[in-house]
Trainee: 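Right, I'll just put the structure down here and ask away after.
For reference, positions follow the sequence shown, starting with 1. Keep in mind it's a predicted model, so treat the numbers as computed, not measured.
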Amino acid sequence: MDRPLIVYLHGFCSSPASWKSRLLAEEMARRGLGAQFVCPPLSPVPDEAVACVENLIGQASGPVVLVGSSLGGHYANHLAEKHDLRAALINPAIVAALDLHLFVGDHTNFHTGEHFTFTAAHAAQLQAQVRRPTPDRYWLMLEAGDEVLDYRQALDFYAGCRQTVLPGGDHSFTQFPEFVAQLIEFAGL
């Protein structure tokens, strides 16, 4: 059987250039596991982002493990449930608890400078992707100091899942470097 593939899903307005994605990719390469890691650039259109990752899942020669941060955590949940996968979620967006209309409007990608418009139709696509989690599939990683999302929403939504909740920090999950080796182990590599 082929080794697992880690697919890292970045957040809203982010990209494969996110520091967590780069750090995980660097550690995978250092261990000679670079071929077992991918972080695709996700479209700001939710259905297109999911279709991109489903294409990667379909092409994988072995098991796939998802790692999702923020909105990428929502996508990881949706895809893990749909395709019977395992996922590590880092300060994930709990779409069911958010007023998505607050995000409708123009945005700029943090890394690429790309401008895009998030519409009410995109918000509806995200709502349609909400799936209740199967607890034994997930590892939830939260920092209580997340200034963007209320970490308690994730605690409630992922009740019964493996949970690591740390004091302080912020939405970027500042203590991520301390968990890279555990993420690789979680993926079975």
Side-chain angles (χ1 to χ4, degrees), residues 1 3-12 14 18 20-21 23-24 27 36-39 42 46-47 49-50 53-54 56-57 60 62-100 102-103 123-189:
M1 176 190 256
R3 287 203 232 179
L5 171 68
I6 293 177
V7 180
Y8 184 95
L9 307 176
H10 62 74
F12 190 69
S14 193
S18 76
K20 291 185 296 289
S21 171
L23 186 65
L24 186 53
E27 181 60 19
Q36 275 73 48
F37 178 84
V38 65
C39 179
L42 299 176
D47 285 350
V50 166
V53 180
E54 285 186 314
L56 291 170
I57 293 168
V64 174
V65 176
L66 304 170
V67 177
S69 177
S70 193
L71 185 59
H74 161 77
Y75 292 139
N77 181 139
H78 171 72
L79 291 161
E81 292 301 320
K82 186 173 179 182
H83 297 282
D84 193 25
L85 303 173
R86 296 175 68 226
L89 311 175
I90 304 162
N91 286 340
I94 307 305
V95 167
L98 294 174
D99 180 358
L100 296 177
L102 296 175
F103 299 95
Q125 289 175 15
L126 286 177
Q127 285 292 350
Q129 295 169 355
V130 172
R131 293 175 183 248
R132 295 302 302 178
T134 304
D136 63 352
R137 205 170 280 207
Y138 298 97
W139 177 17
L140 178 67
M141 303 167 67
L142 301 171
E143 284 186 333
D146 187 336
E147 75 287 5
V148 175
L149 300 169
D150 184 343
Y151 80 100
R152 294 168 297 189
Q153 293 172 341
L155 279 176
D156 291 343
F157 192 77
Y158 291 100
C161 299
R162 174 183 173 184
Q163 297 182 347
T164 300
V165 183
L166 305 169
D170 61 31
H171 188 61
S172 74
F173 199 81
T174 60
Q175 297 173 70
F176 183 74
E178 299 168 32
F179 291 91
V180 170
Q182 290 177 56
L183 273 173
I184 294 169
E185 182 180 313
F186 175 80
L189 292 166

Trainee: Go through the structure and list residues passing salt bridge (charged side-chain N to carboxylate O under 4.0 Å, His left out) with Asp47, not counting sequence neighbours.
Mentor: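 Checked Asp47 against salt bridge (charged side-chain N to carboxylate O under 4.0 Å, His left out); zero matches.
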Trainee: Do you know which two heavy atoms are closest between Ala60 and Leu5, and how far apart they sit?
Mentor: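 Closest heavy-atom pair between Ala60 and Leu5: CB-CD2, 4.2 Å.
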Trainee: Tell me every residue that passes side-chain contact (heavy atoms from CB on, under 4.5 Å) with Asp99, counting only those two or more places apart in sequence or in another chain.
Mentor: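 Per chain and number, Asp99 pairs via side-chain contact (heavy atoms from CB on, under 4.5 Å) with His101, Leu102.
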Trainee: Measuring from atom CE of Met141 to atom CZ of Phe173, what distance do you get when rounded to the nearest 0.5 angstrom?
Mentor: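 Reported value, rounded in 0.5 Å steps: 4.0 Å.
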Trainee: Report the distance from atom CG of Leu24 to atom SG of Cys39, rounding to the nearest 0.5 Å.
Mentor: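 It comes to 9.0 Å.
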Trainee: By side chain to side chain donor-acceptor pair (under 3.5 Å), which residues pair with Arg131, not counting sequence neighbours?
Mentor: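 Expected list: His78.
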Trainee: Indicate the atoms forming the closest heavy-atom contact of Leu98 with Ala93, along with that distance.
Mentor: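 Where Leu98 meets Ala93 most closely, the heavy atoms are CD1-CB, 4.2 Å.
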Trainee: Run the numbers on Leu42 and His10 for side-chain contact (heavy atoms from CB on, under 4.5 Å), then give the verdict.
Mentor: CA-CA 7 Å; Leu42 299 176; His10 62 74; 3.6 Å; yes
Trainee: For Glu27, what residues pass the side chain to side chain donor-acceptor pair (under 3.5 Å) criterion, not counting sequence neighbours?
Mentor: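 For Glu27, the residues satisfying side chain to side chain donor-acceptor pair (under 3.5 Å) (neighbours in sequence not counted) are Arg30, Arg31.
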Trainee: Ring-plane angle category for Phe12 and Phe103, please: parallel below 30°, perpendicular beyond 60°, tilted otherwise.
Mentor: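 If you compare the ring of Phe12 with that of Phe103, the planes turn out perpendicular.
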Trainee: Taking atom CG of Asp150 and atom CG of Leu155, what is their separation to the nearest 0.5 Å?
Mentor: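 So the CG of Asp150 and the CG of Leu155 are separated by 9.0 Å.
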Trainee: If I take atom CD1 from residue Ile94 and atom CZ from residue Arg152, how far apart are they, to the nearest 0.5 angstrom?
Mentor: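 So the gap between those two atoms works out to 13.5 Å.
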Trainee: With rounding to the nearest 0.5 angstrom, report the OH to OG distance, Tyr75 to Ser69.
Mentor: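 Going from OH on Tyr75 over to OG on Ser69, the span is 13.0 Å.
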Trainee: Compare all side-chain heavy atoms of Pro92 with those of Phe157 and state whether any distance is below 4.5 angstrom.
Mentor: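 When only atoms from C-beta onward are counted, Phe157 and Pro92 do not touch, as no gap falls below 4.5 Å.
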Trainee: List the residues meeting salt bridge (charged side-chain N to carboxylate O under 4.0 Å, His left out) with Arg137, not counting sequence neighbours, and say none if there are none.
Mentor: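 Salt bridge (charged side-chain N to carboxylate O under 4.0 Å, His left out) check on Arg137 returns Glu81, Asp84.
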Trainee: Who pairs with Ala159 by side-chain contact (heavy atoms from CB on, under 4.5 Å), at least two apart in sequence or on another chain?
Mentor: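 None.
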Trainee: May I have the step-by-step check of side-chain contact (heavy atoms from CB on, under 4.5 Å) for Gln36 and Ile184, ending in yes or no?
Mentor: CA-CA 10 Å; Gln36 275 73 48; Ile184 294 169; over 6 Å; no
Trainee: I'd like to check the side-chain contact (heavy atoms from CB on, under 4.5 Å) partners of Glu54; sequence neighbours left out, ordered by chain and number.
Mentor: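 Checked Glu54 against side-chain contact (heavy atoms from CB on, under 4.5 Å); matches are Val50, Leu79, Lys82, His83.
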Trainee: Under a 4.5 Å cut-off applied to non-hydrogen side-chain atoms, are Val7 and Ile57 in contact?
Mentor: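 Side chain of Val7 against side chain of Ile57, heavy atoms only: no contact under 4.5 Å found.
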Trainee: Can you check side-chain contact (heavy atoms from CB on, under 4.5 Å) on Ile90 and Phe176, steps first, answer last?
Mentor: CA-CA 9 Å; Ile90 304 162; Phe176 183 74; 3.6 Å; yes
Trainee: How close do Val67 and Leu183 get, heavy atom to heavy atom, and via which atoms?
Mentor: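 Scanning both residues, the minimum pair turns out to be CG2-CD2, 4.3 Å.
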Trainee: To the nearest 0.5 Å, what is the distance between OH (Tyr151) and CG (Asp156)?
Mentor: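 The OH atom of Tyr151 sits 10.0 Å away from the CG atom of Asp156.
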Trainee: Indicate the atoms forming the closest heavy-atom contact of Leu140 with Ala154, along with that distance.
Mentor: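 So the minimum-distance heavy-atom pair works out to CD2-O, 3.6 Å.
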Trainee: List in chain and number order the residues that pass side chain to side chain donor-acceptor pair (under 3.5 Å) with Glu143, two or more places apart in sequence or in another chain; answer none if no residue qualifies.
Mentor: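 Side chain to side chain donor-acceptor pair (under 3.5 Å) list for Glu143, sorted by chain: Thr174, Gln175.
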Trainee: Taking only residues two or more places apart in sequence or in another chain, which ones pass side-chain contact (heavy atoms from CB on, under 4.5 Å) with Glu147?
Mentor: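 With neighbours one apart ignored, the set is Asp170, His171.
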Trainee: Check Ala123 against Leu100 and note the closest heavy-atom contact, atom names and distance.
Mentor: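 Shortest heavy-atom contact: O-CD1, 3.5 Å.
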Trainee: For Asn77 and Pro133, which heavy atoms make the closest approach, and how far apart are they?
Mentor: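 So the two residues come closest at OD1-CB, 4.0 Å.
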Trainee: So, using ring pair (Phe, Tyr, Trp, His ring centres under 6.0 Å) as the criterion, who are the partners of Tyr158 when residues are at least two apart?
Mentor: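 Result, ring pair (Phe, Tyr, Trp, His ring centres under 6.0 Å) vs Tyr158: Tyr138.
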Trainee: Partners of His74 by side chain to side chain donor-acceptor pair (under 3.5 Å), sequence neighbours excluded?
Mentor: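 Listed in chain order: Gln129.
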Trainee: Kindly state each residue pair satisfying side chain to side chain donor-acceptor pair (under 3.5 Å) with at least one member in residues 177-189, sequence neighbours excluded.
Mentor: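 Residue pairs with at least one partner in residues 177-189: there are none.
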